[in-house]
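Residue numbers count from 1 along this sequence. Quantities reported herein were computed from a predicted structural model and do not represent experimental measurements.
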Amino acid sequence: MLTFFNQFPQRISDVTTQLTAQGPPLTAPAVPAPTPHSDAPWASSRPTPPVDRATLAWCTAAQMLSAHHRTPLSTQALSADALIRELGTCGLTQLHTDLHGGAPIDYRFTRCPYCSGCGEDPLLPDCAELGCSPQYEFIDHDHICPVCMGTDHQPEWYAEKRLAHLDDLLIDAASNAGRRRARFVSWFHNALS
């Protein structure tokens, strides 16, 4: 039976199984440093670190890219490597936005691909790993998801709230329209006299 928090190890297991079946290694090789006199003026002089393809962030990125492009997971491995190497877990937010045509994602209505809408960091890190302030180490506090920034995914509740707000705005606009029209007509009439 799949419960909420064991879906994340299941996601990692599914992706690593597919990767081993398709051939790419579970650790992306480190890219060597470019030659000192490279043609690229902005090239880094440091080698890039290897990427662990068995992390939840990498597996999520690879699944998102694979689903979007409708290609096997192995063909998106280098893209996921580059994303995680350059932007880390927070790069999933940019990827999600890019895959939706550049439109900002409202995670109140769209399920976060990393935490599946719970709003907490699915890795459940402790305060020492994240470097929380000492006063928070002994207080039971949540560590928010780095992708959706802890946004609570409740589309039904937010939709009702938004519709009620829009109804209020429509009623307000309709009631003010008559007053504005009367004010404009009186101003226009006074200007002609």
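For the residue pair Asp14 / Gln10, a side-chain donor-acceptor distance below 3.5 Å is found, with atom types taken as modelled.
No side-chain heavy atom of Asp52 sits under 4.5 Å from any side-chain heavy atom of Ile84. Looking only at side-chain heavy atoms (C-beta outward), Ser116 and Arg11 come within less than 4.5 Å of each other. Contact of the Tyr114 side chain with the Cys59 side chain is not registered, since no non-hydrogen atoms from C-beta on lie closer than 4.5 Å. Using a 4.5 Å cut-off on side-chain heavy atoms (C-beta onward), Asp81 and Trp58 make contact. At least one side-chain heavy atom of Thr110 sits under 4.5 Å from a side-chain heavy atom of His96.
Annotation: the span from His68 atom NE2 to Gln63 atom CD amounts to 15.5 Å, rounded to 0.5 Å. Separation of atoms CZ (Phe8) and SG (Cys118) is listed at 5.0 Å; rounding is to 0.5 Å. Interatomic distance, CD1 of Ile105 versus CG of Asp98, reported as 9.5 Å (0.5 Å rounding).
Partner Leu73 forms a side-chain contact (heavy atoms from CB on, under 4.5 Å) with one of Thr17, Thr16, Leu65, Val15 and no other, that one being Val15. Partner of Arg108 under the side-chain contact (heavy atoms from CB on, under 4.5 Å) criterion, chosen from Lys161, Gln154, His153, Arg162: Arg162.
Residue Trp157 shares its hydrophobic cluster (ILVMFWY side chains chained together at separations under 4.5 Å) with Phe109, Tyr158. Other members of the hydrophobic cluster containing Leu169, listed by chain and number, are Leu166; membership follows side-chain contacts under 4.5 Å among ILVMFWY residues, whether direct or relayed.
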Under the side-chain contact (heavy atoms from CB on, under 4.5 Å) criterion, do Leu92 and Leu83 qualify, and how do the steps go?
CA-CA 8 Å; Leu92 293 173; Leu83 177 79; 4.2 Å; yes
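Between Cys115 and Glu120, the shortest heavy-atom distance links the atoms CB-O, 3.3 Å.
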